[in-house]
J.: 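So that we are looking at the same thing, I have put the structure below in structure tokens.
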Amino acid sequence: MSEHEHVHGDDCGCGHDHEHEEHVFVMTDEDGTEREMVMVYTFESEEQVYAVLIDRNNPEEDGLIFRIEEENEEAFLVGIDDDAEWDRVTKVYEEIAAAENSK
């Protein structure tokens with residue numbers, strides 16, 4: 001997947017009304033296939049913010065988790081390469097998902 005993608009938010013300054021917009025990203029996988037990914041959830045862990053994206057055309061498929069980093073007042077999705085960070089983040093997300101599903 002692409003390593004950096006622009007994240008639009010309420011105060012990103014792009015001039016769009018984000019109140020009712022889906023956050024959609026076109027990402028290219030290792031095979032060169034483009035997929036439309038929708039940001040469905042964000043959460044924090046150890047003072048970092050993470051985003052969960054699912055395939056717009058295949059929402060039952062497992063989601064992808066990216067770290068959100070800011071640079072010059074713009075936010076970017078960044079892949080998680082560190083195994084310890086990945087293990088921590090997936091555990092946090094699984095706990096959040098389990099709590100949501102038990103409601």
Side-chain angles (χ1 to χ4, degrees):
M1 295 286 161
S2 300
E3 196 163 305
H4 291 87
E5 297 289 334
H6 179 71
V7 177
H8 288 278
D10 292 336
D11 59 351
C12 72
C14 72
H16 292 110
D17 175 13
H18 297 290
E19 190 170 326
H20 298 289
E21 286 186 30
E22 287 184 322
H23 298 287
V24 179
F25 305 88
V26 176
M27 304 186 113
T28 305
D29 66 17
E30 299 83 27
D31 299 325
T33 304
E34 288 188 352
R35 298 178 6 190
E36 286 188 359
M37 304 297 289
V38 179
M39 184 184 303
V40 294
Y41 196 79
T42 59
F43 64 97
E44 281 190 47
S45 176
E46 294 189 10
E47 299 184 22
Q48 279 287 336
V49 179
Y50 297 89
V52 179
L53 283 71
I54 61 169
D55 189 323
R56 177 183 243 177
N57 298 312
N58 192 3
E60 298 302 316
E61 191 173 292
D62 286 341
L64 302 173
I65 301 174
F66 291 90
R67 183 175 53 247
I68 299 176
E69 293 186 358
E70 292 188 23
E71 184 178 309
N72 299 324
E73 298 185 27
E74 286 195 59
F76 297 90
L77 297 177
V78 179
I80 302 168
D81 295 326
D82 180 71
D83 290 340
E85 179 183 11
W86 178 254
D87 291 343
R88 174 178 48 80
V89 169
T90 54
K91 183 177 178 185
V92 169
Y93 180 66
E94 288 169 359
E95 291 170 0
I96 292 168
E100 288 291 318
N101 288 334
S102 67
K103 289 184 179 179

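We count residues from 1, following the sequence as given.
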J.: About how many Å separate CG of Leu53 and CZ of Phe25, when rounded to the nearest 0.5 Å?
T.: 6.0 Å
J.: Decide whether Phe76 and Trp86 are clustered together by the hydrophobic rule: side chain heavy atoms of Ile, Leu, Val, Met, Phe, Trp, Tyr closer than 4.5 Å, transitively.
T.: no
J.: Among residues two or more places apart or on two chains, list those pairs meeting ring-ring contact (aromatic ring centres under 6.0 Å, His included) that have a residue in residues 27-46.
T.: Phe43-Tyr50, Phe43-Tyr93
J.: Are Val52 and Val24 connected, step by step, through hydrophobic side chains (Ile, Leu, Val, Met, Phe, Trp, Tyr) whose heavy atoms are closer than 4.5 Å?
T.: yes
J.: Tell me whether Asp31 contacts the main-chain N or O of Thr33 through its side chain, where contact means a donor paired with an acceptor under 3.5 Å.
T.: no
J.: State the CG-CZ distance between Asp83 and Arg88, to the nearest 0.5 angstrom.
T.: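 Going from CG on Asp83 over to CZ on Arg88, the span is 12.5 Å.
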J.: With the side chain counted from C-beta on, respond yes when Val89 and Gln48 share a heavy-atom pair under 4.5 Å apart, and no when they do not.
T.: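 No, too far: nothing below the 4.5 Å cut-off.
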J.: Group every Ile, Leu, Val, Met, Phe, Trp and Tyr by side-chain heavy-atom contacts under 4.5 Å, then state whether Val40 and Ile80 land in the same group.
T.: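 Same cluster.
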J.: Roughly how far, to the nearest 0.5 Å, is the CD1 atom of Ile54 from the CE atom of Met39?
T.: 12.0 Å
J.: When clusters are formed by joining ILVMFWY residues with side-chain heavy atoms under 4.5 Å apart, either directly or through shared neighbours, do Val92 and Ile68 land in the same one?
T.: no
J.: Report, one line per pair, each donor and acceptor closer than 3.5 Å where one atom sits in a side chain of residues 56-67; sequence neighbours left out.
T.:
| unit_1 | atom_1 | unit_2 | atom_2 | d |
| --- | --- | --- | --- | --- |
| Arg56 | NH1 | Glu36 | OE1 | 2.9 |
| Arg56 | NH2 | Glu22 | OE1 | 2.2 |
| Asn58 | ND2 | Glu61 | OE1 | 3.0 |
| Glu61 | OE2 | Arg35 | NH2 | 3.4 |
| Arg67 | NE | Glu69 | OE2 | 2.6 |
| Arg67 | NH1 | Glu85 | OE1 | 2.8 |
| Arg67 | NH1 | Glu85 | OE2 | 2.7 |
| Arg67 | NH2 | Glu69 | OE2 | 3.1 |

